[in-house]
S.K.: 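If you scroll down you'll find the structure; I have some questions about it.
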Amino acid sequence: MKNLRSNKQKYNENYLKLAFELAKINLGKTKTNPSVGCVIVKNTSVISSGHTSINGRPHAEYNALKNNLNYKGSDLYVTMEPCVHLGLTPPCTDIIKRKGVKRVFFSVSDVDTRTANKSFSVLRQKKIKVTKKKIKNLSDFYKSYFINKNLSLPFIDAKIALSKDNYSVNRKKKWITNLSSRIRTHLIRSNYDSIISTSKTINTDNAQLNCRLKGFDSNKPDLIIIDMKLKIKRNLKIFNFRSKRKIFVITSVFKDKKLLFLKKKGVKIIYINSLQEKHDFINLFKILKKNGFNRILVESGLVFLSQLLKKKVISNLFLFKSTDRLGKNGFNKMPIIWNKRLKSLYKIKVNLNGDQLYKIRLK
């Protein structure tokens, strides 16, 4: 009996894990809505699946149940509690009831007060059994959504590459890490709606900071450039774009001929007086949130990154570590003093042909 119960729990857990894999597809592309995955199972077979659409609608449950199939008596596995409220679209519980789903399994309760923990009573009125089951190691998947809802701030992660002897700049080559790590960086970028960098970083590397992977190249995260003194160069690759990508420049300069050049290129200018204290950064991030940015990845040099780390505004740091020691060919713009204070570091299991990738949870 115990083995039977254990097998049933594992069976349900596997389908919920599959739903999370679907939720990853549009992570960072669903605006204020969470990215949700949904799997429909009938007679021990998956008959349909769905995930939240780009820009947040339709929801995953609708996308999984919209097909012309017989869903009666099926089980629905979804990463987050189905919504019960009427928004720009009808409640997902409506289509679940209408299609004859027998049981619903979900992993995470919604924090939206219009739905939070209400799906149980709504669905049970139609004799639909509802079960909540947490999935180990996936509890942080909706951290960005919770921050967006509770703090009116975007979720902010960062990425950095270091040599084996902890240098961030190679005097002889452009890259610190190998090609496999750089490809993985593009995949990480695809999970964010925008990237923050500095004019110094972009001027030095002529960096595009977009997602250049086959199948992912339609997702080019918007670019936010910190350029308080308006030092950005004109002849950069980022200004030769033909996509719908938006570029924002954050500056304190109100009068300069370069502003006209930037505006002609379609660049949006955000004026702020200062970016020194923590409240300056918080105000900036609130402005960015109002401009529709909910998941931001920081890719910059050590100076700017260290500022953000000291002010404790970053949630996670992706650290790519090369196998190469740079010695005299390496240098840093400033000491990596924060490296000793990193709290929780764990290795991400991915083959990078020798390089290593770590994710450091900072808060």
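Below, all heavy atoms of this structure are taken into account, side chains as well, without hydrogens, waters or symmetry copies.
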S.K.: Do Asn210 and Arg212 pair up side chain to side chain, a donor and an acceptor below 3.5 Å, judged on atom types alone?
M.R.: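 There is such a pair between these side chains.
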S.K.: Mind checking whether Phe105 and Tyr77 have parallel, tilted or perpendicular rings, split at 30° and 60°?
M.R.: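 Taking Tyr77 first and then Phe105, their aromatic rings lie parallel (interplane angle under 30°).
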S.K.: Distance-only, no hydrogens or angles: does the Thr201 side chain make a donor-acceptor pair with backbone N or O of Gly301 under 3.5 Å?
M.R.: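 Yes; at least one donor-acceptor contact below 3.5 Å.
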S.K.: Is there a side-chain contact between Phe248 and Leu223 in this structure, where contact means two heavy atoms from C-beta onward sitting under 4.5 Å apart?
M.R.: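 The answer is no; the side chains never approach within 4.5 Å.
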S.K.: Run through the side-chain heavy atoms of Ile, Leu, Val, Met, Phe, Trp and Tyr, join any pair under 4.5 Å, and report what else lands in Val84's cluster.
M.R.: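 Direct or chained contacts put Val84 with Val122.
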S.K.: Under 3.5 Å, is there a donor-acceptor pair between the side chain of Asn33 and the main chain of Thr30?
M.R.: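 The answer is no, because no donor-acceptor pair under 3.5 Å joins these two groups.
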S.K.: So does Lys102 have more than 12 non-hydrogen atoms from other groups sitting under 6.0 Å from NZ?
M.R.: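 Atom NZ in Lys102 is not crowded, with 12 or fewer foreign heavy atoms closer than 6.0 Å.
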S.K.: Return the minimal non-hydrogen interatomic distance between Ile225 and Ser199, and the atom names on each side.
M.R.: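 So the two residues come closest at CG2-N, 3.6 Å.
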S.K.: Are Thr198 and Asp227 linked by a side-chain donor-acceptor pair shorter than 3.5 Å?
M.R.: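 Their side chains do not contain a donor-acceptor pair, so the 3.5 Å distance test is not met.
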S.K.: State yes or no: are the ring centers of Tyr15 and Phe20 separated by less than 6.0 Å?
M.R.: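 They do not qualify: ring centres at least 6.0 Å apart.
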S.K.: For Asn43 and Ser45, test the side chains for any donor-to-acceptor distance below 3.5 angstrom and give the result as yes or no.
M.R.: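 Side chains of Asn43 and Ser45: no pair found under 3.5 Å.
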S.K.: Is it true that a side-chain atom of Asp112 and a backbone atom of Arg114 form a donor plus acceptor pair closer than 3.5 Å?
M.R.: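 Between the backbone of Arg114 and the side chain of Asp112 there is a qualifying donor-acceptor contact (under 3.5 Å).
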S.K.: Counting only heavy atoms not in Phe141, do more than 12 sit closer than 6.0 Å to its CZ atom?
M.R.: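 Buried by this count: over 12 neighbours within 6.0 Å.
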S.K.: Strictly below 4.0 Å, N to O, side chains only: are Glu13 and Lys17 in salt-bridge contact?
M.R.: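 Salt bridge: yes.
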S.K.: If we ignore hydrogens and angles and just use 3.5 Å, is the side chain of Arg295 paired with the main-chain N or O of Asn191 as donor and acceptor?
M.R.: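 Side chain of Arg295 to backbone of Asn191: a pair is present.
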S.K.: Check the pair Leu319 / Gln356 against side chain to side chain contact (heavy atoms under 4.5 Å, CB included), numbers first and verdict last.
M.R.: CA-CA 8 Å; Leu319 170 61; Gln356 304 294 338; over 6 Å; no
S.K.: Starting from Phe331, walk the hydrophobic network (Ile, Leu, Val, Met, Phe, Trp, Tyr; side-chain heavy atoms closer than 4.5 Å) and list everyone else you reach, by chain and number.
M.R.: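 Besides Phe331, the hydrophobic cluster comprises Val169, listed by chain and residue number.
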S.K.: Set out, in order, the CA-CA distance, both residues' side-chain angles and the distance that settles ring pair (Phe, Tyr, Trp, His ring centres under 6.0 Å) for Phe155 and Tyr145, then state yes or no.
M.R.: CA-CA 8 Å; Phe155 176 76; Tyr145 172 64; over 10 Å; no
S.K.: Check the pair Leu317 / Lys359 against side chain to side chain contact (heavy atoms under 4.5 Å, CB included), numbers first and verdict last.
M.R.: CA-CA 6 Å; Leu317 176 66; Lys359 186 176 181 181; over 6 Å; no
S.K.: So which atom in Leu326 and which in Asn170 form the shortest heavy-atom distance, rounded to 0.1 Å?
M.R.: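 So the minimum-distance heavy-atom pair works out to CD2-ND2, 3.5 Å.
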S.K.: Report the residue from Thr251, Val249, Ile250 that forms a side-chain contact (heavy atoms from CB on, under 4.5 Å) with Ile270.
M.R.: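 Between Ile270 and the candidates, side-chain contact (heavy atoms from CB on, under 4.5 Å) is satisfied uniquely by Ile250.
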S.K.: Is the count of non-hydrogen atoms from other residues, nucleotides or ligands lying under 6.0 Å from Lys31 atom NZ greater than 12?
M.R.: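 Atom NZ in Lys31 is not crowded, with 12 or fewer foreign heavy atoms closer than 6.0 Å.
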S.K.: A quick test of your reading: do over 12 heavy atoms of other residues, nucleotides or ligands sit less than 6.0 Å from NZ of Lys134?
M.R.: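 No.
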S.K.: For the pair Arg182 (side chain) and Thr177 (backbone), establish whether a donor and an acceptor sit closer than 3.5 Å, ignoring hydrogens and angles.
M.R.: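 Confirmed, Arg182 side chain pairs with Thr177 backbone.
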S.K.: If only atom types and distance count, is the side chain of Ser107 paired as donor or acceptor with the main-chain N or O of Lys133 below 3.5 Å?
M.R.: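 Pair found, side chain donor or acceptor close to backbone of Lys133.
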S.K.: Is the centre of the Tyr358 ring less than 6.0 Å from the centre of the Phe320 ring?
M.R.: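 Not close enough - the centres of the two rings lie 6.0 Å or further apart.
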S.K.: Quiz question: by atom type and distance under 3.5 Å, do the side chains of Asn178 and Asn353 form a donor-acceptor pair?
M.R.: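 Not at all, the side chains of Asn178 and Asn353 share no donor-acceptor pair under 3.5 Å.
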S.K.: Does one side chain, of His59 or Thr52, offer a donor that lies under 3.5 Å from an acceptor on the other?
M.R.: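 Looking only at side-chain atoms, Thr52 and His59 do not form any donor-acceptor pair under 3.5 Å.
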S.K.: For a side chain to side chain contact (heavy atoms under 4.5 Å, CB included) check, start with the C-alpha distance between Arg361 and Asp140, then their side-chain angles and the critical distance, and finish with the verdict.
M.R.: CA-CA 10 Å; Arg361 188 175 289 110; Asp140 282 348; 2.9 Å; yes
S.K.: Same hydrophobic cluster for Ile54 and Leu27, using side-chain heavy-atom links shorter than 4.5 Å among ILVMFWY?
M.R.: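 Different clusters.
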S.K.: Looking at side-chain heavy atoms only, is the closest gap between Pro154 and Asn294 below 4.5 Å?
M.R.: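 Answer no - side chains too far apart.
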S.K.: Would you find more than 12 non-hydrogen atoms of other residues, nucleotides or ligands less than 6.0 Å from Lys328 atom NZ?
M.R.: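 Atom NZ in Lys328 is not crowded, with 12 or fewer foreign heavy atoms closer than 6.0 Å.
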S.K.: Report, as yes or no, whether the 6.0 Å neighbourhood of atom NZ on Lys132 holds more than 12 heavy atoms from other residues, nucleotides or ligands.
M.R.: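 Yes - once you tally the heavy atoms of other residues, nucleotides and ligands closer than 6.0 Å, there are more than 12.
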S.K.: Would you say the side chains of Asp355 and Ser181 form a donor-acceptor pair under 3.5 Å?
M.R.: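 Asp355 vs Ser181: donor-acceptor pair found between side chains.
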S.K.: What do you reckon, are the aromatic ring centroids of Phe254 and Tyr271 less than 6.0 Å apart?
M.R.: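 Yes, the ring centres sit under 6.0 Å apart.
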S.K.: Could you walk me through whether Tyr142 and Thr79 pass the side chain to side chain contact (heavy atoms under 4.5 Å, CB included) test, one step at a time?
M.R.: CA-CA 10 Å; Tyr142 287 113; Thr79 54; 2.6 Å; yes
S.K.: Hey, are Asn291 and Lys268 close enough side-chain-wise for a donor-acceptor pair under 3.5 Å?
M.R.: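 No, Asn291 and Lys268 have no side-chain donor paired with an acceptor closer than 3.5 Å.
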S.K.: Would you say the ring centroid of Phe293 lies under 6.0 angstrom from that of Tyr192?
M.R.: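 Judged by ring-centre distance (under 6.0 Å), Phe293 and Tyr192 do not meet the cut-off.
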S.K.: With a 3.5 Å distance limit and no angle check, can you tell me whether Ser35 reaches the backbone of Lys24 through a side-chain donor-acceptor pair?
M.R.: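 No, Ser35 side chain to Lys24 backbone: no donor-acceptor pair under 3.5 Å.
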S.K.: Would you call Asp256 and Lys258 a salt bridge, taking side-chain N to carboxylate O under 4.0 Å as the test?
M.R.: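 Not counted as a salt bridge, because no side-chain N and carboxylate O are separated by less than 4.0 Å.
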S.K.: Closer than 4.0 angstrom, basic N to acidic O: yes or no for Lys118 and Glu81?
M.R.: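 Judged by the 4.0 Å cut-off on N to carboxylate O distance, Lys118 and Glu81 do not form a salt bridge.
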S.K.: So does Asp75 pair up with Arg103, basic N to acidic O under 4.0 Å?
M.R.: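 Yes.
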S.K.: If every non-hydrogen atom of Ile314 is compared with every non-hydrogen atom of Leu305, which pair is closest and at what distance?
M.R.: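 Taking Ile314 first and Leu305 second, the nearest heavy atoms are CD1-CD1, 3.7 Å.
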S.K.: May I ask you to say whether Lys164 pairs ionically with Asp324, meaning some side-chain N is under 4.0 Å from a carboxylate O?
M.R.: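 No.
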